[in-house]
Structures are given as C-alpha cells and as structure tokens.
There are 2 protein chains.
Amino acid sequence: MKSTVAQVPLYQAKAEFFRMLAHPVRIRVLELLCEGPKPVRDLLAEIEIEASSLSQQLGVLRRYGIVTAIREGSTVVYELAGPDVSELMRAARRILTELLVGQRELLAELQAADSS
Amino acid sequence: MKSTVAQVPLYQAKAEFFRMLAHPVRIRVLELLCEGPKPVRDLLAEIEIEASSLSQQLGVLRRYGIVTAIREGSTVVYELAGPDVSELMRAARRILTELLVGQRELLAELQAADSS
DNA sequence: TGTTGTGTTGAAGAAGTCTTCAACGAGGGA
DNA sequence: TCCCTCGTTGAAGACTTCTTCAACACAACA
C-alpha cells in the first residue's frame, strides 16, 4: 500500500485527497457520519447499494484514514477519524452550492441571450 | 458533452466536482490563477509539463466552467470563472494541511508504539 | 456443532482517465 | 505568401478505478 503520509509534493497530496472524495457513495457516507458514528447496517439502509459495494467504498475511506471502524459484537461501527472532516464536508457543500448557483445563473443568461 | 448543470443528485454533483479537482496539474493551475489571470505561457513556465498535456488539463477545467479562456492577440489568457474558486482553494489548502498534520501525528504515535 | 446474520475480501471484466504523439488552426511578421 | 510561434485537438495505448460475484471471517445462538 502506498502511504498517504509519504513526502510527496503538496499539490499531489491534494489531488489524492480530492480523488478519495470523488465518489458519490463515499460522499454520502462521509455526510452521514457527520451526524455521528453509525453501524454499517444504518449506512446500508440510507444508501441504496449492495453490501459488498458499500464495503468496498468504506475500505477506500478506511485505507485513506479519514474514517475508523470498530467492531461491536456482531456489527461494525464507523466513525469520522477527526473533527476536521465534518468541517470539510460543510465547506464543500457551501462552496459547491455557490458554484452550482453561479452556473445556473450563467446558464439562465445564456438562454436569455439565445432567445433574443 | 454532459452538462454540469443537469438535474442530478447533489452527492453526485459533488463527486464530479471533486473529480474535476483530482489532478495535480489542475490543482496547480487553479492555485496559480488565484493570483490573477495568466497567459498559458506563464502557466507553462511554472508547471513543468508539455504544452499539449497542459492544454488537455486546461480543457477539463474549461469544460467544467471553473475557468475561462480569452484570446489576446497571439496568446491565450486564462482566468478563474468566479471569486468562489479562490476561496475554495484556500479552504482546501487549510483542511488538507490539518488532515496531513493529523496523520503525521498519528503516524508518530504508531511508530512510538512499534518501538515499545 | 451447525446455522444464520453481518460485513469483508479478492478477482475479473467493464468503464473511465492519463499520457503522448502527430496534426491542426490562428495570429504575426519577413 | 511563406514561415514561425502559440496553443489546441483527436486518437491510441497504458493505466486506474468501478462494479459485481463468489468465497470468506466472525459473532450469536439454537
């Protein structure tokens, strides 16, 4: 496994970080975990996906170190690795929303221009 | 071309957004453009890469709509599409730095545990 | 012990992204 | 016009990542 803490240019670490986030299921998992630790069963109930698919994506997050898993009896509970993560998800949500709104406005302008 | 403004679940829009960011060259371009508009020539001078490779990545950013290109005489000048972007890059830098520092501390703990 | 419920893993093929190369277009002189 | 510079494009092969399936590990319980 390639370490995520290797001495690597910062811009490459950033690219890897964003790539780790770049999957719909992983995004949803992180946002759900912002509410607090959750057993796999609950994640599975909220995200419509096969258990093994979810597990694959949880594996990516675990390997990156952004979440941790703890076995509790017969179930496994996932948790965000640190408080930064939830701040990150909030920032991402805000920024993307602004960007999407901006794009929508731009699109509206273009369509208005089309019809004239 | 698949529109980036389509009616798509938000978590998928987010995933696409992060995928758009998930490349070292694209990160560097965006950070350079935070300083202001720049001709391709300048980007090329700062990022060691072939012209056609840079152009491919600029194409990705342009298609997504996060940067705009304007021809000025014989050169082409790139610019961030909006002020949000530069805020985004600052947020990403801050958050990732915190995450990396956290990982480094964790690693240090693990290594200390190893040697005991 | 056998059986069931919960999650994880490995592997194979599909699908997507990166890199690189040659070819191209647009602008600005000689 | 010819030529040169600047930047872009399209396409092919290398390389990653995704999805899916069957097999597995572990705990709980009869």
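By convention in this document, chain letters (A, B, ...) are assigned in the order of the sequence lines, proteins followed by strands, and residues within each chain are numbered from 1. Note that the structure is a prediction, hence the values are computed from the model and not measured.
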Over how many whole Å does the gap from A:R71 atom CZ to C:dT9 atom P extend? 10 Å
Distance check needed: D:dG7 C1' versus B:Y78 OH, whole Å only. 8 Å
Is there a donor and acceptor pair closer than 3.5 Å between the side chain of A:S53 and the base of D:dC18? no
Ignoring the backbone of B:V40, work out which of D:dG7, C:dG28, C:dT20 is nearest its side chain. D:dG7
B:R19 CZ - C:dA15 P separation (whole Å): 15 Å
Could you tell me whether the side chain of A:V77 reaches within less than 4.5 Å of the side chain of A:V40, counting heavy atoms only? no
Hey, does the side chain of B:R26 come within less than 4.0 Å of C:dC18's phosphate (OP1/OP2), counting only N and O? yes
Can A:E31 and A:R90 be counted as an ion pair, charged N to O under 4.0 angstrom? no
Given C:dT8, C:dC21, C:dG28, which nucleotide is nearest the side-chain atoms of B:E50? C:dC21
Taking 4.0 angstrom as the limit, do B:E87 and A:R94 come out as a salt bridge? yes
Find the distance A:Q57:CD to C:dG7:P and express it as a whole number of Å. 17 Å
If you assign each of A:G73 and A:V25 to its closest nucleotide in DNA chain D, which residue comes earlier from the 5' end? A:V25
Between A:E72 and B:T75, the residue closer to the 5' end of DNA chain D by nearest nucleotide is B:T75
Does atom CD (A:E48) have a neighbourhood of more than 12 heavy atoms from anything else shown, all under 6.0 Å? no
Can you check whether B:H23 has a side-chain N or O nearer than 4.0 Å to OP1 or OP2 of C:dG16? no
Taking any heavy-atom pair under 4.0 Å as a contact, classify B:S55: base, sugar-phosphate, or nothing. base
Describe the nucleic acid contact of B:Q56 in one word from base, sugar-phosphate, nothing, applying a heavy-atom distance below 4.0 Å. base
Roughly, in whole Å, what's the span from CG in A:L44 to P in C:dT8? 10 Å
Heavy-atom side-chain proximity of A:M20 to A:L61 below 4.5 angstrom: yes
Please report the distance, rounded to the nearest Å, between CD1 in A:I49 and C1' in C:dG7. 14 Å
Could you state the atom-to-atom distance from CZ of A:R63 to C1' of D:dT17 in whole Å? 12 Å
Figure out the CD1/P separation between A:I47 and D:dC18, and round it to whole Å. 15 Å
